Amino acid sequence: MTALLASARRVVVKVGSALVTNDGRGLDDSALARWAGQIAALQKMGKEVILVSSGAVAEGVLRLGWEKRPGRLYELQAAAAVGQMGLVQAYERHFREHGIGTAQVLLTHANLTDREQYLNARMTLIELLRLGVVPVINENDTIATSEIKVGDNDTLGALVTNLVEADVLVILTDQRGLYTEDPRKNPDAEFVSEATAGDPALERMAGGAASTLSKGGMITKILAAKRAARSGAGTIIASGREDNVLVRLAQGESIGTQLVAASSVLHARQQWLADHLRVSGKAVVDKGAARALREHRSLLPVGVKAIEGDFVRGEVVACVTESGEEIARGLVNYSSDDARRIIGCHTEEIPARLGLIDRPELIHANNMVLVQTRKPAG
């Protein structure tokens with residue numbers, strides 16, 4: 001069986017409401033302590049971890065003295081606002097016991113569809129990981145409406161996985177994993193230990209209702225795995241009731257259902273870039289930069305002779321020689337206006353031109369694909 005977490009460097013862990021709220025009876029402080037301890041162990045193994053945690057609404061319901069989860073939007077938003085306070089305070093306390101800082105990040109669907117907000121969120125999360133901080137992510141239920149909601153934290157976990165190009169998404173639930181049928185209805189249902197994410201048969205297998213305190217069910221997890229696979233990430237669906245489950249998975253133990261992506265993270269990203277038939281602009285490079293690009297090194301401003309076209313940060317830009325030969329294309333770290341201001345600059349000169357330095361590279365090698373054809377770009 002493929003050991004997805006054992007080989008992963010960047011990991012997104014999603015923990016469901018039932019695992020952090022003691023099945024709805026308020027936050028389970030001892031459970032949060034265990035998650036913090038396991039994630040601290042993953043960090044010691046050299047892994048970067050982002051935590052997507054449910055529980056805010058359930059905690060808010062308890063704090064407000066309500067008997068059950070409300071159905072009206074504004075009541076849910078109020079519960080989320082109240083409960084989020086307790087959730088982040090608890091995580092902050094438990095991670096601090098391991099010398100680890102945390103950061104609260106609340107997202108909506110709009111943040112992940114607007115290109116500028118998407119890139120800002122991406123760069124912030126990657127910087128937090130570089131600093132050794134564990135981002136604790138939840139949907140911003142207080143301001144989200146049905147039109148802009150992600151909808152459930154399984155989907156949010158997949159979107160974050162794509163956002164930061166994580167290697168694996170771990171969805172922890174109160175179920176063992178995926179069965180060929182609902183085992184509560186058919187005792188002969190077979191357990192699925194490994195499959196390929198996106199296989200249509202998986203959606204037919206998935207079933208079962210979520211608890212009254214959470215949304216979704218197995219089908220949302222299967223669809224989340226399908227979404228995560230678009231960026232090459234595998235998904236593990238496992239029971240959070242298993243003792244020390246994250247550490248054991250990281251040690252290569254077979255637990256739960258592992259859904260393997262058809263393509264690797266790097267190949268999926270390169271394929272996505274290569275599939276862009278049109279580019280938003282061009283960076284005309286000198287001979288030294290052209291040679292570096294062919295060696296799959298990043299494009300630095302010092303090697304750029306000119307910028308053609310108008311584009312914003314994050315769009316796909318072609319790297320061409322002065323004769324018009326396209327060498328590579330990739331996601332640009334600066335707008336066309338800012339790029340024109342720093343062409344020919346060494347890295348240490350960028351702040352003097354722009355007042356700040358966003359990234360030292362105009363295009364990073366990880367966000368670039370070499371182009372085989374010698375036809376002019378555009």
Side-chain angles (χ1 to χ4, degrees), residues 1-20 22-23 28 30-54 134 153-154 157-158 160-161 166-184 187 189-199 201-202 205-208 210-211 214 216-229 232-261 265:
M1 183 174 179
T2 305
L4 291 176
L5 189 54
S7 59
R9 177 177 174 271
R10 183 171 293 168
V11 182
V12 175
V13 176
K14 181 265 178 177
V15 182
S17 293
L19 299 176
V20 297
N22 202 8
D23 288 319
D28 184 343
S30 60
L32 268 62
R34 290 194 295 273
W35 298 129
Q38 290 184 55
I39 290 172
L42 294 189
Q43 275 200 351
K44 289 181 180 179
M45 295 179 186
K47 302 183 189 299
E48 299 174 336
V49 184
I50 292 175
L51 176 62
V52 176
S53 178
S54 302
V134 173
N153 274 356
D154 294 326
V160 171
T161 299
D167 301 301
V168 64
L169 166 64
V170 182
I171 299 178
L172 296 175
T173 178
D174 55 359
Q175 302 175 53
R176 180 187 173 194
L178 177 65
Y179 286 82
T180 53
E181 296 180 63
D182 188 339
R184 294 169 296 185
E190 297 179 5
F191 183 72
V192 179
S193 59
E194 185 170 328
T196 301
D199 184 342
L202 299 179
M205 294 177 193
S211 74
S214 64
M218 190 56 67
I219 186 63
T220 68
K221 295 165 179 53
I222 296 302
L223 294 176
K226 180 180 179 180
R227 186 183 296 272
T235 297
I236 301 171
I237 303 171
S239 172
R241 307 293 191 198
E242 288 277 353
D243 183 53
N244 219 24
V245 60
L246 291 176
V247 175
R248 289 162 60 195
L249 282 167
Q251 292 171 340
E253 190 171 337
S254 175
I255 305 173
T257 299
Q258 302 205 49
L259 302 177
V260 182
V265 173

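The first residue of the sequence shown is numbered 1, and numbering continues consecutively from there. Note that the coordinates shown come from a computational prediction; the quantities given were computed from them, not determined experimentally.
Remark: I219 CD1 to M205 CE distance equals 11.5 Å, nearest 0.5 Å. One finds the CZ atom of R34 at 8.5 Å from the CG atom of D243 (value rounded to the nearest 0.5 Å).
Proximity of T180 to V192: side-chain heavy atoms (C-beta onward) are separated by under 4.5 Å at one or more points. Between L259 and I222 there is a side-chain heavy-atom pair separated by less than 4.5 Å. T257 places none of its side-chain heavy atoms less than 4.5 Å from the side chain of Y179.
Here the side chain of R9 pairs no donor or acceptor atom with the backbone of D167 at under 3.5 angstrom. The backbone N or O of I255 sits nowhere less than 3.5 Å from a side-chain atom of E242 that would complete a donor-acceptor pair. The backbone N or O of V245 sits less than 3.5 Å from a side-chain atom of Q38, completing a donor-acceptor pair.
The heavy-atom pair separating W35 from L19 by the smallest distance is NE1-O, 3.6 Å. In this structure, S54 and G16 approach most closely via the heavy-atom pair CB-C, 3.9 Å. Closest heavy-atom contact between L172 and V13: CD1-CG1, 4.0 Å. The minimum heavy-atom distance linking A261 with A233 is given by the pair CB-O, 3.5 Å. Contact record, A18 with R241: O-NH2, 3.6 Å, taken as the closest heavy-atom pair. Taking each heavy atom of A197 and A225 in turn, the nearest pair found is CB-O, 3.7 Å.
For A250, the side-chain contact (heavy atoms from CB on, under 4.5 Å) partners at least two apart in sequence or on another chain are L5, L42, M45, K47. Take A158 and apply the side-chain contact (heavy atoms from CB on, under 4.5 Å) test, not counting sequence neighbours, and it matches L169, A224, R227, A228.
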Self-check item: Evaluation steps, side chain to side chain contact (heavy atoms under 4.5 Å, CB included), between M218 and I237
Solution: CA-CA 9 Å; M218 190 56 67; I237 303 171; 4.1 Å; yes
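The residues K221 and D154 are annotated as salt-bridged, a charged nitrogen and a carboxylate oxygen being separated by less than 4.0 angstrom.
Among V52, L51, T161, V160, the one residue that satisfies the side-chain contact (heavy atoms from CB on, under 4.5 Å) test with K14 is V52.
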